[in-house]
Protein chains: 2
Amino acid sequence: MPRPRKRDYETLRRELIDAGGRLLAEEGPAALSTRRVAQATGTSTTAVYNLFGDKAGLVREMFLEGFDRLTAAFAAVPRTGDPAADLLALGDAYRANARDNPHLYELMFGRPVPEFRPDAEAGRRIQPTFDALIAACARCVEAGAFAPAEPYAIAVQLNAMAHGLASLELRGALGDVEEADAHWKRAYASLFKGLA
Amino acid sequence: MPRPRKRDYETLRRELIDAGGRLLAEEGPAALSTRRVAQATGTSTTAVYNLFGDKAGLVREMFLEGFDRLTAAFAAVPRTGDPAADLLALGDAYRANARDNPHLYELMFGRPVPEFRPDAEAGRRIQPTFDALIAACARCVEAGAFAPAEPYAIAVQLNAMAHGLASLELRGALGDVEEADAHWKRAYASLFKGLA
DNA sequence: GTGGTTACATAACAGTGTTACTAAACCAAG
DNA sequence: CTTGGTTTAGTAACACTGTTATGTAACCAC
């Protein structure tokens with residue numbers, strides 16, 4: 001007869017992920033030690049290994065959650081009668097996500113945690129985020145805002161531009177907020193013109 | 001009368017930076033421990049602290065060297081009578097640099113080494129790389145290939161696009177080489193059209 | 001009480017960046 | 001020659017890391 005569990009595993013798992021998210025947001029990736037995460041949830045590091053396999057498993061969940069949030073932010077963008085404006089709004093949502101969660105953004109698109117590297121399965125799991133962008137591009141093509149082209153190919157361009165701009169902005173390379181605003185506006189205008 | 005030095009400091013400094021570069025290229029950022037770098041140069045970790053202040057100081061030199069190389073790659077791009085083609089060639093050089101040195105690229109544009117974060121001085125030191133891009137954009141404006149606009153503002157767009165594409169490509173998100181070629185080609189075509 | 005099982009925390013291990021410490025190597029002065 | 005002073009260099013020590021090993025706890029069945 002096994003020893004009873006002190007805590008519900010689902011709840012503990014949730015708390016560990018949340019604790020990791022808080023530490024990451026407040027202090028950056030260097031704060032993500034198994035000891036600190038475990039301590040923040042009143043348990044021991046063994047829980048990380050039992051519930052996630054290892055530290056990378058925990059960080060993987062945080063990575064996936066970052067994309068879930070981005071997907072949700074995209075889904076929250078209202079669908080108007082103007083597909084081009086909707087696509088711009090997606091870009092705004094992407095930028096806001098990066099600015100509001102710089103450390104999580106780096107975790108999603110960079111390699112700040114040495115132990116973690118996304119696997120192919122994780123890549124598949126984040127596809128919905130990109131799919132939302134592809135769908136928005138398809139609507140622009142259908143509405144005639146963009147010249148006929150494969151929505152996927154267009155989405156790559158938009159994705160690259162947004163990621164490049166967000167990365168530059170997070171590094172402080174785009175100047176103050178107003179200057180950064182202007183850069184985003186110009187870049188999207190150029191690219192939209194080029195895609196028309 | 002001080003004890004004589006066993007090694008010339010300039011030479012040792014150079015060797016430590018080179019050793020770091022080799023370890024980074026061959027095994028990635030996780031191999032960049034002070035002990036391994038010191039061992040590879042037949043000295044002890046104290047040398048890292050004496051010559052660079054700390055590990056971050058060594059990594060900072062590698063970061064700067066990465067940009068020196070990129071600047072050199074840009075300088076090696078021949079200046080033709082076609083400024084737009086020259087700008088494309090700069091993009092190719094940027095991409096080649098990223099593909100040939102993926103770990104160094106991540107060090108230059110990401111945060112793979114937790115101890116190191118570029119300071120403002122480092123930011124100034126890498127300005128020449130960006131200046132080359134700005135100059136190439138200026139030539140496109142002067143030649144009428146691009147509509148009149150601040151070369152700096154154009155350079156930001158090109159930089160963002162190139163960085164986004166390179167990052168996606170290094171992550172395996174652009175498919176095989178031919179597919180990636182096509183994505184780069186399309187993205188630059190769209191942006192150039194938009195800037196015309 | 002013993003055995004078996006799961007659950008959990010702690011100890012132990014090997015590695016990390018960094019600082020502290022000790023010895024080495026040399027010349028000057030007495 | 002000895003002592004003192006200085007720089008140089010390597011190693012020891014420290015606190016931290018991810019991870020595995022270990023020991024104890026908690027429960028029921030026999």
Side-chain angles (χ1 to χ4, degrees), chain A residues 1-17 19-20 23-24 26-63 103 107 111-119, chain B residues 1-17 19-20 23-24 26-63 103 107 111-119:
Chain A
M1 193 41 121
R3 171 183 177 177
R5 294 174 177 173
K6 293 176 63 173
R7 307 187 43 181
D8 174 60
Y9 273 5
E10 278 308 306
T11 305
L12 181 54
R13 187 181 162 90
R14 179 74 257 160
E15 289 180 12
L16 284 165
I17 295 172
L23 283 169
L24 178 66
E26 287 163 15
E27 301 176 40
L32 276 184
S33 73
T34 52
R35 287 177 171 85
R36 289 203 59 185
V37 175
Q39 183 181 51
T41 49
T43 186
S44 69
T45 61
T46 316
V48 174
Y49 297 93
N50 287 338
L51 294 174
F52 302 99
D54 57 12
K55 177 180 173 179
L58 168 61
V59 176
R60 183 175 180 277
E61 291 304 318
M62 294 164 62
F63 167 91
H103 293 303
L107 178 60
R111 296 281 183 275
V113 178
E115 294 83 13
F116 174 66
R117 181 184 191 86
D119 53 354
Chain B
M1 195 38 127
R3 170 182 178 175
R5 291 174 178 175
K6 292 178 61 173
R7 300 171 68 162
D8 174 59
Y9 272 6
E10 277 308 304
T11 304
L12 180 55
R13 187 180 161 88
R14 180 73 259 162
E15 289 181 11
L16 285 166
I17 296 172
L23 284 170
L24 178 66
E26 288 162 15
E27 301 178 40
L32 276 184
S33 73
T34 52
R35 287 174 171 85
R36 290 205 55 188
V37 174
Q39 184 182 52
T41 49
T43 187
S44 70
T45 61
T46 317
V48 173
Y49 297 93
N50 287 338
L51 295 174
F52 302 99
D54 56 11
K55 176 179 174 179
L58 168 60
V59 175
R60 183 175 179 278
E61 291 304 317
M62 294 165 61
F63 168 90
H103 293 304
L107 178 59
R111 297 280 183 276
V113 178
E115 294 83 14
F116 172 66
R117 181 185 189 85
D119 53 352

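Lettering follows sequence order; numbering is per chain, from 1. Predicted, not measured: the structure shown is a model, and the values here were computed from it.
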Identify all pairs in which a protein N or O lies below 3.5 Å from an N or O of nucleotides 27-30 of chain D, and state each distance.
unit_1, atom_1, unit_2, atom_2, d
D:dC27, O2, A:Met1, O, 2.0

Listed partners of [X] passing side chain to side chain contact (heavy atoms under 4.5 Å, CB included), at least two apart:
X: A:Asp119; value: A:Arg60, A:Glu121, A:Ala122
X: B:Ala31; value: B:Leu23, B:Glu27, B:Arg36
X: A:Ser44; value: A:Thr46
X: A:Arg35; value: A:Ser33, A:Thr45

Nearest whole Å is fine: how far is D:dA9 C1' from B:Leu16 CG?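 Checked: the CG to C1' distance equals 14 Å.
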
For atom CG of B:Asn50 and atom C1' of D:dT7, their distance in whole Å: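 B:Asn50 atom CG is separated from D:dT7 atom C1' by 11 Å.
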
Checking A:Arg111 now: which residues fulfil salt bridge (Lys or Arg N to Asp or Glu O under 4.0 Å) with it, not counting sequence neighbours?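 If we apply the salt bridge (Lys or Arg N to Asp or Glu O under 4.0 Å) test to A:Arg111, skipping adjacent residues, there are no hits.
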
Suppose we screen for salt bridge (Lys or Arg N to Asp or Glu O under 4.0 Å). Which residues come up paired with A:Arg5, at least two apart in sequence or across chains?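 Per chain and number, A:Arg5 pairs via salt bridge (Lys or Arg N to Asp or Glu O under 4.0 Å) with no residue.
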
Can you name the closest pair of heavy atoms from [X] and [Y] and give their distance?
X: A:Pro112; Y: B:Pro114; result: O-CG, 4.5 Å
X: B:Phe52; Y: B:Leu58; result: CB-N, 3.5 Å
X: A:Glu115; Y: A:Ala56; result: O-CB, 3.5 Å
X: B:His103; Y: B:Pro29; result: ND1-CD, 3.7 Å
X: B:Ala38; Y: B:Leu16; result: CA-CD2, 4.3 Å

Identify the 5'-most and 3'-most nucleotides of DNA chain C with at least one atom closer than 4.0 Å to a non-hydrogen atom of chain A.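 Terminal contacting nucleotides, 5' to 3': C:dG4 to C:dA12.
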
Among residues 51-59 of chain A, which residues get a heavy atom nearer than 4.0 Å to DNA chain C?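 None, since no heavy atom is under 4.0 Å.
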
Expected output is a numbered-order residue list: members of residues 29-42 of chain A with a heavy atom under 4.0 Å from any atom of DNA chain C. What is it?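 Here the set is A:Arg35.
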
To the nearest 10 degrees, how far apart in direction are the end axes of the helix from C:dG1-D:dC30 to C:dG30-D:dC1, each fit to five base pairs?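 Its terminal axes enclose an angle near 60°.
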
So what does A:Tyr9 hit on the nucleic acid, given a heavy-atom distance under 4.0 Å: a base, only sugar-phosphate, or nothing?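 Here A:Tyr9 touches the backbone only, sparing every base.
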
Taking ring pair (Phe, Tyr, Trp, His ring centres under 6.0 Å) as the definition, give me every residue that meets it alongside B:Phe116, ordered by chain and number, with sequence neighbours left out.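 In terms of ring pair (Phe, Tyr, Trp, His ring centres under 6.0 Å), with neighbours along the sequence ignored, B:Phe116 is linked to B:Phe63.
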
Does B:Thr46 place a side-chain N or O at less than 4.0 Å from the phosphate oxygens OP1/OP2 of D:dT11?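 The answer is no; no side-chain N or O of B:Thr46 sits under 4.0 Å from OP1 or OP2.
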
A:Lys55 side chain to A:Leu32 main-chain N or O, any donor-acceptor pair under 3.5 Å?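 Here the side-chain-to-backbone pair exists.
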
